[in-house]
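What follows is one structure encoded as structure tokens, with my remarks underneath.
If you're wondering where the values come from, they're calculated on a predicted model, not measured in any experiment.
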Amino acid sequence: MKFWEQYLKRKRALYRTQYQTPKQLFDSACDICIKCFAVCGGERMKPGYTRRNARLIFLVTDLILYLFVNLYSIAIVWGSLMDVVFCFVTLGIAIQGLAKIEAFTCPELNELHLYNVARFRSTPRFPEVEEALFHTATMCMVFIRILAVAFSIVAIAIYSYAILMPLVEHELSLAFGFYLPFIDYRTPVGFAINWVYQFVQVSEGCIGLMACDSCLLLLIVNATGQMDIIIVHLKQLTVLIDANGSGQNDDDIADLIKEIVIKHLEHTKFVTDMDKLLKKQFFINFGCMIFELVASLAIVVRVPWYPGMAICLICTIQLFVNCALGTFLSSKNDKLVEEIYNVNWYGLPTKHQKSLQQVLLSSQHPVVLSDGFSAIDLFNFVEIYKKIYSYLMVLQKIS
């Protein structure tokens with residue numbers, strides 16, 4: 001943790017020399033995310049966006065075709081457990097893709113983005129607020145670049161596997177278990193067509209997943225950044241209260257408490273809207289990943305199936321990252337609650353204490369990200385893996 005904090009500190013110092021304001025750094029991070037979405041036609045954060053664009057229509061059509069191709073492939077390879085499972089797993093990826101498209105091209109996403117942009121445009125009341133905004137923008141940029149490296153490694157590994165498969169096996173062998181109907185992949189021309197088709201699916205999948213995960217990071221990091229600013233205001237409130245011996249800061253204290261209440265209400269609305277936006281796709285994606293993990297592990301425990309091992313690793317990382325982000329948001333809220341307790345309550349008149357008490361009560365019962373049934377956090381990650389283990393044991397006993 002200390003290493004991570006030092007790394008962020010160095011990056012923040014570096015970005016301060018490259019960008020004059022936090023807004024410039026945040027806009028730069030958003031531009032990277034928008035460019036990734038633009039490949040798939042999902043750049044909802046860009047002004048004037050419409051779902052009726054050729055790139056998104058092509059992607060949705062391709063995913064629907066991909067579903068039918070997988071179903072056709074399942075019918076062809078029926079009887080071979082490993083091939084059937086491979087097709088089912090890739091079928092789940094297509095369903096996840098459709099769920100992400102629906103969530104990350106909604107108009108509500110642009111509303112959340114515009115609120116974040118407005119935060120960076122507003123003039124900071126205290127110097128510490130600008131520092132908090134720089135910290136938020138730095139985290140956005142760092143996380144997006146880490147994701148870019150991670151997904152690039154995944155894409156290179158998949159492409160390498162697809163190229164090496166025919167060379168190692170000395171025959172025309174595709175990397176994935178699905179292939180276009182009525183085109184024999186065992187012929188040179190059919191193999192080339194199917195290989196290019198799979199290449200397109202992998203490219204769209206990696207770029208689309210990176211764009212969606214980057215956007216999710218932007219939303220959650222900004223939600224925590226909103227609490228950082230509230231914490232700054234709470235600390236300044238205590239400073240004003242301590243220096244208010246003769247009542248000279250009464251107006252400033254009243255104004256600051258009003259701003260704290262407004263900012264916390266805005267933050268609560270932001271997280272509520274974010275939860276509504278992401279709840280359905282969390283439910284579908286988590287369900288698909290659990291199925292993919294159980295199906296892949298059921299084969300891996302029997303034979304050394306390397307694609308299945310890779311699927312298990314990627315799904316586990318995705319589950320962990322999503323749950324870790326939920327825990328990150330909750331832990332920041334715990335810090336906010338602690339900071340509210342640290343305010344010099346005895347120096348406030350009763351009406352201000354009641355206002356601050358409402359903020360405290362709301363913070364003690366925060367809105368959390370969920371899949372409709374349980375909170376998205378690391379505790380849920382452990383519970384999910386317990387369920388996966390239970391399902392796997394049942395399958396082992398049945399077989």
Side-chain angles (χ1 to χ4, degrees), residues 29-43 55-56 58-63 65-67 69-70 73 86-87 89-101 104 140-169 172-180 185 191-218 281 285 288-289 292-293 296 300 305-322 325:
C30 290
D31 286 342
I32 297 174
C33 185
I34 290 171
K35 286 176 182 176
C36 292
F37 270 122
V39 175
C40 304
E43 62 277 21
R55 288 161 291 124
L56 186 64
F58 171 79
L59 177 61
V60 173
T61 305
D62 183 49
L63 279 174
L65 173 64
Y66 178 76
L67 290 173
V69 166
N70 271 272
S73 300
F86 206 177
C87 289
V89 167
T90 50
L91 190 69
I93 295 171
I95 296 171
Q96 289 183 65
L98 290 170
K100 287 181 180 294
I101 289 171
F104 288 98
C140 289
M141 180 65 83
V142 168
F143 278 134
I144 287 176
R145 290 189 170 177
I146 290 173
L147 278 178
V149 172
F151 277 100
S152 297
I153 292 172
V154 170
I156 291 170
I158 294 173
Y159 294 146
S160 301
Y161 178 74
I163 293 170
L164 292 174
M165 272 282 288
L167 299 176
V168 172
E169 298 193 1
L172 298 177
S173 179
L174 292 169
F176 300 97
F178 62 90
Y179 39 83
L180 292 167
Y185 70 89
F191 174 81
I193 293 172
N194 277 282
W195 194 94
V196 170
Y197 177 69
Q198 292 189 359
F199 180 88
V200 171
Q201 308 312 306
V202 171
S203 300
E204 287 181 341
C206 289
I207 295 172
L209 282 174
M210 180 194 164
C212 293
D213 286 354
S214 297
C215 186
L216 176 63
L217 277 167
L218 285 174
Q281 73 97 23
N285 288 327
C288 288
M289 282 189 282
E292 291 163 18
L293 280 165
S296 299
V300 170
W305 183 38
Y306 298 111
M309 295 177 187
I311 290 166
C312 292
L313 177 62
I314 292 170
C315 287
T316 300
I317 291 173
Q318 274 201 296
L319 281 171
F320 178 80
V321 169
N322 281 278
L325 288 173

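Residues Tyr66 and Tyr197 come closest through the heavy atom pair CA-OH, 3.5 Å. The two atoms that bring Cys40 and Ile207 nearest to each other are SG-CG2, 4.4 Å, heavy atoms only. Nearest heavy-atom pair across Asn285 and Ala99 is OD1-CB, 4.3 Å.
Between Glu292 and Gln96, the side chains place a donor N or O and an acceptor N or O closer than 3.5 Å (distance only, hydrogens not considered).
For Asn194, the side-chain hydrogen bond (donor to acceptor under 3.5 Å, both in side chains) test picks out no residue, with sequence neighbours left out.
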Leu63 vs Ile101, side-chain contact (heavy atoms from CB on, under 4.5 Å): CA-CA, chis, key distance, verdict: CA-CA 11 Å; Leu63 279 174; Ile101 289 171; 3.5 Å; yes
Pairs of donor and acceptor atoms involving the side chains of residues 208-217, under 3.5 Å and at least two apart or interchain, shall be tabulated with distances.
{"residue": "Ser214", "atom": "OG", "partner": "Met210", "partner atom": "O", "Å": "2.7"}

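Atom CG in Leu319 sits 6.0 Å away from atom CG in Leu293 (nearest 0.5 Å). Between atom CE of residue Met141 and atom SG of residue Cys30 there is a gap of 9.0 Å, rounded to the nearest 0.5 Å. Here the CG-OG distance, from Leu147 to Ser152, works out to 10.0 Å after rounding to the nearest 0.5 Å. Leu313 contributes atom CG, which lies 11.0 Å from atom CD of Gln318 (distance to the nearest 0.5 angstrom).
Looking at Phe143 and Leu325, their side chains never come closer than 4.5 Å, going by heavy atoms from C-beta outward.
Formation of a donor-acceptor pair under 3.5 Å by the Asp62 side chain with backbone atoms of Phe58 is not found in this model.
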